[in-house]
Amino acid sequence: MELASKYNPRAVEEKWYSYWLEKRLFHSEPDQREPYTVVIPPPNVTGVLHMGHMLNNTIQDVLVRRARMQGKNACWVPGTDHASIATEAKVVKMLAEKGIDKRSLTRDEFMEHAWQWKEQYGGIILKQLRRLGASCDWERTAFTMDPERYESVIRVFVDLYNKGLIYRGVRMVNWDPQALTAVSDEEVVYKESHSKLFYLRYRVEGEERYIVVATTRPETILGDTAVCVHPDDDRYQWLRGKRVVVPGVGRSVPVIMDEYVDREFGTGALKITPAHDINDYNLGLKYGLESIDIFNDNGTLNGAVGQNPVPAEKEAAQRYAGLDRFACRKQIMKDLEEAGLVEKVEDYTNKVGHSERTDAVIEPKLSAQWFVRMEGLAKRALEVVENDTIHFHPAKFKNTYRHWLENIKDWCISRQLWWGQRIPAWYFMLDGRQETVVAASHDEAARLAAEKFGYTGELRQDEDVLDTWFSSWLWPISLFDGIRHPGNPEISYYYPTADLITAPDIIFFWVARMIMAGEEYMNEVPFRNVYFTGIVRDKLGRKMSKQLGNSPDPIELIEKYGADGVRMGMLLTAPAGNDLPFDEAICEQGRNFSNKLWNALRLVTGWQVDGEAAQSPANATAVKWMEQRMAQVLEEVERDFGQYRLSEALMASYKLAWDDFCSWYLEMVKPAHGEPIDRATYEATLNLFTRLMLMLHPFMPFVTEEIWHTLQCIGKSEAEQKAIMESQSIMTQAMPTASAYDQRLLEEFDTAREVIAAVRNLRGSRGLSPKEQLAVSYMAGDERFRVDRFEGIIRKLGNISSIDATNEKPTGAISFMIGTTECFVPMSQNVDREAELQKLRADLQYAEGFLQSVMKKLSNEKFVNGAPAAVIERERNKQRDAETKIAALKAQIEALQA
RNA sequence: GGGAGUAUAGCUCAGCUGGUUCAGAGCGCCUGCCUUACAAGCAGGAGGUCACUGGUUCGAACCCUGUUACUCCCACCA
């Protein structure tokens with residue numbers, strides 16, 4: 001079989017992914033084995049794969065594939081999130097493009113469009129994940145709004161309501177005027193913005209004096225119902241008990257005094273708009289101020305002026321009715337300036353809250369919403385992280401987590417949308433009062449109303465849906481139907497899951513709340529470990545975003561470098577919790593590595609085998625050494641995985657494959673051109689290569705499967721090959737495990753390697769051809785210089801005719817030091833004496849300096865008395881070695897000078 | 001305003017309990033090589049006052065003070 005000299009990922013990847021699917025190798029059912037469960041952080045159903053997903057899912061796949069090969073029953077459950085705000089916004093936009101206004105549709109009609117949209121575009125992202133090689137159990141693909149999950153969410157709502165953990169209340173909430181819904185505190189993103197600070201003049205009623213108030217939002221003066229100053233502020237004592245007139249509006253409002261005011265800010269006077277600022281709202285409550293809501297839900301002005309309007313005021317407010325809040329701001333400032341009521345305008349930088357999903361500027365708004373009481377839930381969720389029942393990687397996120405949970409506020413879970421789980425609360429009027437019943441279905445609600453209130457009339461269901469996170473917090477439970485059927489075989493087997501891989505920005509949204517739900521509904525944590533990935537940035541350190549256009553298309557990357565190449569690129573730059581500056585060039589390294597492995601395969605498959613030939617001692621040593629080296633790296637890799645240091649595990653495996661196996665081992669055993677290889681070495685090589693593929697498989701699933709299969713087929717009959725192709729996969733092989741290794745052999749190899757490198761270096765610096773054979777001798781007598789076992793290998797790789805011990809230095813030879821042993825290469829041509837002397841003198845100077853620093857330590861009485869014996873012994877060894885080396889160098893210099 | 005983190009080679013990062021893994025790795029760079037697996041390659045090489053400062057110690061990249069610079073999170077300063 002002839003193999004191309006370049007590895008072609010495309011054909012291979014497609015072939016093996018279908019093969020895995022067809023053999024159902026990703027599928028899991030509960031059995032006797034130890035479970036290893038991972039639930040995917042469900043991407044937005046209408047989302048498209050971006051680099052963050054690539055990183056996140058590569059890591060999950062590495063862990064899942066490794067666990068599977070370790071004999072665990074690995075189950076990676078995929079799915080998507082209905083993402084209510086984002087998806088509804090997309091559907092509304094799509095409808096608008098078709099000329100359909102959402103408001104012209106009934107709820108049912110809208111939902112039909114939304115489901116259609118979901119069917120059409122939903123799950124693209126899951127298809128894309130297959131290109132990456134993700135070994136998810138696709139048969140378990142779930143959706144946060146499919147019937148099982150929907151019902152689970154409703155049940156949990158009813159249950160928490162009955163436990164008194166859910167309540168409805170009128171609160172100041174974060175209003176998204178674009179999505180027309182309330183959002184939770186966590187969904188508000190504060191962005192620095194350059195705005196203006198406007199200084200407005202409020203006339204004191206009945207006087208011609210003015211008080212100046214600074215504000216960033218002049219349009220809200222329409223809702224002003226007081227002005228507030230600090231009670232101890234000397235500048236404003238004269239205002240006590242007075243009233244002032246809101247500029248432009250003409251409304252008379254009281255001056256109140258409260259310590260809340262920061263005297264240093266602006267003029268030390270604050271205007272109070274209870275309907276549109278959370279602090280003002282609190283002050284309004286405290287002083288019984290009127291609250292005037294001046295905005296419509298979509299952020300336009302409503303023309304309201306509060307109670308007892310005077311005609312002039314009414315007119316003033318009506319002038320702005322229907323204007324957008326920002327247009328209104330401009331207009332009001334223009335009007336006030338014309339009226340001479342603006343003192344000054346300053347540039348000002350502040351943080352403005354934006355909606356996470358729509359990016360609209362958030363408007364604080366008073367409205368009736370549903371909340372979850374967090375106090376008790378938070379306490380338990382904090383405990384399990386504090387006592388390390390759940391481990392965070394890296395651990396620093398414990399601090400962030402603790403801080404949030406210790407300062408937690410109730411969770412606003414109602415959203416004024418249609419796309420989502422509709423809140424199962426029903427209202428009805430009884431004796432002029434609104435009553436509420438909460439139940440999983442209309443029938444149940446009717447029964448409750450009759451039972452509790454004796455009411456049998458019409459019920460009206462709450463129009464709102466639940467926050468998306470109110471369904472995703474159940475994900476690890478609801479995926480196994482543990483809410484509807486507690487204790488079922490699936491939930492009992494797969495829960496708790498093993499590892500959660502997610503980005504740190506959803507630690508509050510999702511991680512913390514899953515822990516709460518786990519504690520509340522399973523009485524058990526939802527996962528043992530949380531691995532926080534970094535955020536993928538571009539190579540300039542900027543976040544990837546559509547606007548900047550700095551986000552590469554993952555699928556294009558895969559086409560260019562192969563899935564294995566891209567996976568490796570992601571992993572190499574991604575230590576846990578560190579942001580990774582992504583540079584496409586790093587995928588090239590991954591692609592090159594695939595190619596390197598591929599070419600090693602080409603080499604090995606090209607070998608002729610001589611079944612009769614005996615294994616040379618050199619080959620025997622080579623095999624022995626590679627075995628030891630592999631055992632050593634396996635130990636390292638296991639340690640790295642234990643600490644979730646995936647980059648390091650990959651790098652160690654990479655070096656084992658490239659440096660140790662390809663550059664050293666294969667070169668050691670490679671037969672001369674046209675010569676066959678002995679069977680023992682050949683089989684050992686195939687075996688080592690196979691194990692290497694197993695080690696690399698979790699990182700690079702495709703190329704390793706391809707190579708593994710080829711290796712399996714070598715020397716087999718056609719029928720056997722067919723059987724292998726049809727029934728086997730690297731995926732289900734056992735991962736090699738660490739074992740004891742011969743440290744001494746590894747050290748001897750290091751010496752051999754140094755000798756070979758020194759000879760190669762010598763050739764390079766003296767312009768000697770690699771083809772010219774050289775003889776090497778070395779000073780006998782140093783215990784640590786052992787080259788017997790590697791002699792044949794040294795000769796082969798260094799193109800050396802002989803390597804012998806000697807008791808006196810040969811004349812006319814160049815020498816070099818390996819440790820403290822002097823080695824010689826006799827030169828046929830004349831040696832450049834000056835150049836050699838210069839080199840030797842430089843070495844001597846360095847050695848003497850080194851000795852001096854060692855002596856300084858050893859002559860320090862405090863050191864000799866204070867340091868542990870082992871450390872002192874080490875220093876004495878250094879001293880001896882340095883002295884030997886200096887003596888040798890001096891002798892060499894002398895010999896040259898003679 | 002509060003809290004957390006980071007600073008080591010041109011870049012990205014290791015460096016665990018202070019001492020032979022002590023100044024490392026990968027990439028990049030430089031110099032030779034198309035040597036019959038691979039130029040997506042081979043061989044060799046150069047690169048660092050461990051941010052700065054003071055201290056503890058026989059001994060500091062590592063522990064402590066302070067300074068500087070970045071990053072992230074939280075918070076109602078209009």
Side-chain angles (χ1 to χ4, degrees), chain A residues 3 5-7 172 185 190 197 213-217 220 228 260-262 264-267 269-273 277-282 348 350-351 353 364 394 396-404 407 504-505 507-508 535 539 541 561 565 572-575 577-583 585-586 588-607 639 643 645 647-648 650-652 654-655 658 662-663 666-667 670 672-674 756-757 760-765 767 769-771 799 857 860-868 870-872 874-875 877-878:
Chain A
L3 298 175
S5 74
K6 295 267 189 287
Y7 171 64
M172 184 71 84
D185 292 343
Y190 288 88
L197 192 55
V213 175
T215 178
T216 51
R217 304 193 53 195
T220 61
C228 186
Y260 165 74
V261 177
D262 175 0
E264 305 301 315
F265 189 88
T267 60
L270 174 67
K271 66 189 221 43
I272 307 294
T273 319
D277 183 282
I278 178 69
N279 303 301
D280 293 10
Y281 173 69
N282 290 334
Y348 184 64
N350 63 346
K351 303 233 170 172
K396 66 176 178 186
F397 286 108
K398 259 172 109 165
N399 296 326
T400 315
Y401 182 82
R402 181 188 314 114
H403 186 257
W404 185 69
N407 297 284
D505 52 351
I507 185 169
F508 309 133
I535 293 167
K539 57 182 159 184
Y561 300 104
L572 279 178
T573 38
N578 272 27
D579 282 5
L580 61 142
F582 182 77
D583 185 347
I586 198 117
E588 216 172 294
Q589 195 182 349
R591 178 200 59 177
N592 294 354
F593 185 45
S594 303
N595 198 51
K596 183 73 184 175
L597 298 173
W598 178 253
N599 275 290
L601 178 70
R602 285 180 68 215
L603 174 69
V604 171
T605 52
W607 282 343
R639 200 173 45 236
Q643 295 167 38
R645 295 162 63 130
S647 309
E648 316 250 322
L650 173 56
M651 183 49 72
Y654 171 81
K655 286 196 275 190
W658 197 310
C662 292
S663 298
L666 288 179
E667 293 298 331
K670 187 157 106 180
H673 186 52
I756 294 164
R760 283 172 176 169
N761 183 359
L762 193 137
R763 286 179 196 277
S765 60
S769 160
K771 287 173 183 151
N799 193 20
K857 273 194 205 174
N860 182 342
E861 211 168 301
K862 285 180 180 170
F863 171 73
V864 179
N865 293 334
V871 174
I872 294 170
R874 244 181 261 137
E875 291 302 316
N877 285 339
K878 277 189 198 170

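Lettering of chains follows the sequences in order, A, B, ..., and the numbering in each one begins at 1.
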Engineer: Output one line per pair: protein atom, nucleotide atom from nucleotides 19-26 of chain B, and distance, for all N/O pairs under 3.5 Å.
Structural biologist:
{"unit_1": "G19(B)", "atom_1": "O2'", "unit_2": "Arg874(A)", "atom_2": "NH1", "d": "2.5"}
{"unit_1": "A25(B)", "atom_1": "O2'", "unit_2": "Lys655(A)", "atom_2": "NZ", "d": "3.0"}
{"unit_1": "G26(B)", "atom_1": "O2'", "unit_2": "Gln589(A)", "atom_2": "NE2", "d": "2.7"}

Engineer: Which part of the nucleic acid does Arg760(A) contact within heavy-atom distance under 4.0 Å: base, sugar-phosphate only, or nothing?
Structural biologist: sugar-phosphate
Engineer: Can you tell me how far P of C77(B) sits from CD1 of Ile272(A), to the nearest Å?
Structural biologist: 15 Å
Engineer: Where is the tightest heavy-atom contact between Gly266(A) and Ala214(A), given as atom of each residue plus distance?
Structural biologist: CA-CB, 4.1 Å
Engineer: Report the distance from atom NZ of Lys655(A) to atom CE of Met651(A), rounding to the nearest 0.5 Å.
Structural biologist: 6.5 Å
Engineer: Nearest to the side chain of Asn761(A), which nucleotide is it out of A37(B), A43(B), G44(B)?
Structural biologist: G44(B)
Engineer: How far does the P atom of U8(B) sit from the matching atom of G3(B), given to the nearest Å?
Structural biologist: 25 Å
Engineer: Quick one: closest heavy-atom pair of Leu3(A) and Arg602(A), and the distance?
Structural biologist: O-NE, 3.4 Å
Engineer: Mind calculating the distance between CZ (Phe397(A)) and P (C73(B)) to the nearest angstrom?
Structural biologist: 10 Å
Engineer: Between atom CD in Glu667(A) and atom P in G44(B), what is the gap in whole Å?
Structural biologist: 11 Å
Engineer: What pairs with Trp404(A) under ring pair (Phe, Tyr, Trp, His ring centres under 6.0 Å), at least two apart in sequence or on another chain?
Structural biologist: Phe508(A)
Engineer: Say you pick atom C1' in C27(B) and the same atom in U20(B); how far apart are they, in whole Å?
Structural biologist: 28 Å
Engineer: Which listed nucleotide (C38(B), C74(B), C76(B)) is nearest to the side chain of Ser5(A)?
Structural biologist: C38(B)
Engineer: Indicate, with a heavy-atom threshold strictly under 4.0 Å, whether Lys6(A) touches base, sugar-phosphate, or nothing.
Structural biologist: base
Engineer: Could you report the tightest heavy-atom contact between Ala600(A) and Leu666(A), atom names first, then the distance?
Structural biologist: CB-CD1, 4.0 Å
Engineer: Between CH2 of Trp607(A) and NZ of Lys670(A), what distance do you get to the nearest 0.5 Å?
Structural biologist: 8.5 Å
Engineer: Can you name the nearest heavy-atom pair linking Thr216(A) to Leu197(A), along with the distance?
Structural biologist: CG2-CD1, 3.8 Å
Engineer: For atom P, what is the distance between U68(B) and U21(B), given to the nearest Å?
Structural biologist: 37 Å
Engineer: To the nearest Å, how far apart are Leu603(A) CG and A37(B) P?
Structural biologist: 6 Å
Engineer: Using Watson-Crick and G-U wobble pairs whose two distances are both under 3.5 Å, how do you write the pairing of RNA chain B as dot-bracket, with | for links to another strand?
Structural biologist: (((((((..((((.....[....)))).(((((.......))))).....((.((..]....)).)))))))))....
Engineer: Atom CD1 of Ile535(A) and atom CG of Asp505(A): how far apart are they, to the nearest 0.5 Å?
Structural biologist: 5.0 Å
Engineer: With nearest nucleotide decided by heavy atoms, which residue, Ile756(A) or Asn592(A), maps closer to the 5′ end of RNA chain B?
Structural biologist: Asn592(A)
Engineer: Any idea which of A78(B), C74(B), A14(B) is nearest the Arg645(A) side chain?
Structural biologist: A14(B)
Engineer: Taking atom C1' in both G47(B) and C30(B), compute the distance separating them and give it to the nearest angstrom.
Structural biologist: 10 Å
Engineer: What's touching nucleotides 28-34 of chain B from the protein side, N or O pairs under 3.5 Å?
Structural biologist:
none

Engineer: When all nucleic acid strands are considered with a 4.0 Å heavy-atom cut-off, which category describes Ala585(A): base, sugar-phosphate, or nothing?
Structural biologist: nothing
Engineer: For Arg763(A) and G45(B), what is the distance between atoms CZ and C1' respectively, to the nearest whole Å?
Structural biologist: 17 Å
Engineer: Distance between the C1' atoms of C42(B) and G48(B), in whole angstroms?
Structural biologist: 28 Å
Engineer: Return yes if the base of C58(B) and the side-chain atoms of Asn860(A) contain a donor-acceptor N/O pair under 3.5 Å, otherwise no.
Structural biologist: no
Engineer: Roughly how many Å apart are U6(B) and A14(B), using the P atom of each and rounding to a whole number?
Structural biologist: 10 Å
Engineer: Do Phe265(A) and Leu270(A) make a side-chain contact, defined as non-hydrogen atoms from C-beta onward lying under 4.5 Å apart?
Structural biologist: no
Engineer: Describe the nucleic acid contact of Glu648(A) in one word from base, sugar-phosphate, nothing, applying a heavy-atom distance below 4.0 Å.
Structural biologist: sugar-phosphate
Engineer: Need one value for Trp658(A): base, sugar-phosphate or nothing, where a base atom within 4.0 Å counts as base even if backbone is also close, heavy atoms only.
Structural biologist: sugar-phosphate
Engineer: Work out how far the P atom of G5(B) is from that of A9(B), and round it to whole angstrom.
Structural biologist: 22 Å
Engineer: Work out which heavy atom in Ile278(A) is nearest to a heavy atom in Met172(A); give both atom names and the distance.
Structural biologist: CD1-CB, 3.6 Å
Engineer: Without decimals, in angstroms, what is the distance between Asp262(A) CG and G1(B) C1'?
Structural biologist: 11 Å
Engineer: Could you report the tightest heavy-atom contact between Cys228(A) and Ile272(A), atom names first, then the distance?
Structural biologist: CB-CD1, 3.7 Å
Engineer: Determine whether a donor-acceptor pair (one donor, one acceptor, N or O, separation below 3.5 Å) exists between the side chain of Glu264(A) and the base of A78(B).
Structural biologist: no
Engineer: Which part of the nucleic acid, if any, lies within reach of Ser765(A) when heavy atoms closer than 4.0 Å are counted: base, sugar-phosphate only, or nothing?
Structural biologist: nothing
Engineer: On a whole-Å scale, what distance lies between the P atoms belonging to C64(B) and U56(B)?
Structural biologist: 15 Å
Engineer: Test for a donor-acceptor pair under 3.5 Å between the base of C77(B) and the side chain of Tyr260(A), counting only N and O atoms.
Structural biologist: no
Engineer: Mind calculating the distance between CG (Asn595(A)) and C1' (A40(B)) to the nearest angstrom?
Structural biologist: 5 Å
Engineer: Find the distance between CG (Asn592(A)) and OH (Tyr7(A)) and round it off to the nearest 0.5 Å.
Structural biologist: 13.5 Å
Engineer: Please report, rounded to the nearest Å, how far the P atom of C73(B) is from the CD1 atom of Ile535(A).
Structural biologist: 7 Å
Engineer: For residues Arg402(A) and Asn399(A), is any side-chain donor paired with an opposing acceptor at under 3.5 Å?
Structural biologist: yes
Engineer: Which part of the nucleic acid does Lys771(A) contact within heavy-atom distance under 4.0 Å: base, sugar-phosphate only, or nothing?
Structural biologist: nothing
Engineer: Measuring from the side chain of Val261(A) (C-beta onward, heavy atoms only), which nucleotide among A78(B), G44(B), A14(B) has the closest atom?
Structural biologist: A78(B)
Engineer: Partners of Tyr401(A) by ring pair (Phe, Tyr, Trp, His ring centres under 6.0 Å), sequence neighbours excluded?
Structural biologist: Phe392(A)
Engineer: Taking for each residue the nucleotide of RNA chain B with the nearest heavy atom, is it Lys862(A) or Asp277(A) whose nucleotide lies nearer the 5' end?
Structural biologist: Lys862(A)
Engineer: Verify the contact: side-chain N or O of Lys596(A) to OP1 or OP2 of C42(B), cut-off strictly under 4.0 Å; return yes or no.
Structural biologist: yes
Engineer: Please encode protein proximity along nucleotides 2-10 of chain B as a string of B, S and -, counting only heavy-atom distances under 4.0 Å.
Structural biologist: --SS-----
Engineer: Would you check if Arg217(A) and Thr273(A) make a side-chain contact, meaning some heavy-atom pair closer than 4.5 Å?
Structural biologist: no
Engineer: Can G26(B) be described as syn, meaning its chi torsion is within 90° of 0, or is it anti?
Structural biologist: anti
Engineer: For U21(B), is chi within 90° of 0 (syn) or not (anti)?
Structural biologist: syn
Engineer: First locate atom CG of Asp280(A), then atom OH of Tyr260(A), and finally report the distance between them rounded to the nearest 0.5 Å.
Structural biologist: 7.0 Å
Engineer: Would you give the length of the straight line joining atom CG of Asn595(A) to atom NZ of Lys6(A), rounded to the nearest 0.5 angstrom?
Structural biologist: 6.0 Å
Engineer: Contact class for Phe582(A) (heavy atom, under 4.0 Å): base, sugar-phosphate, or nothing?
Structural biologist: nothing
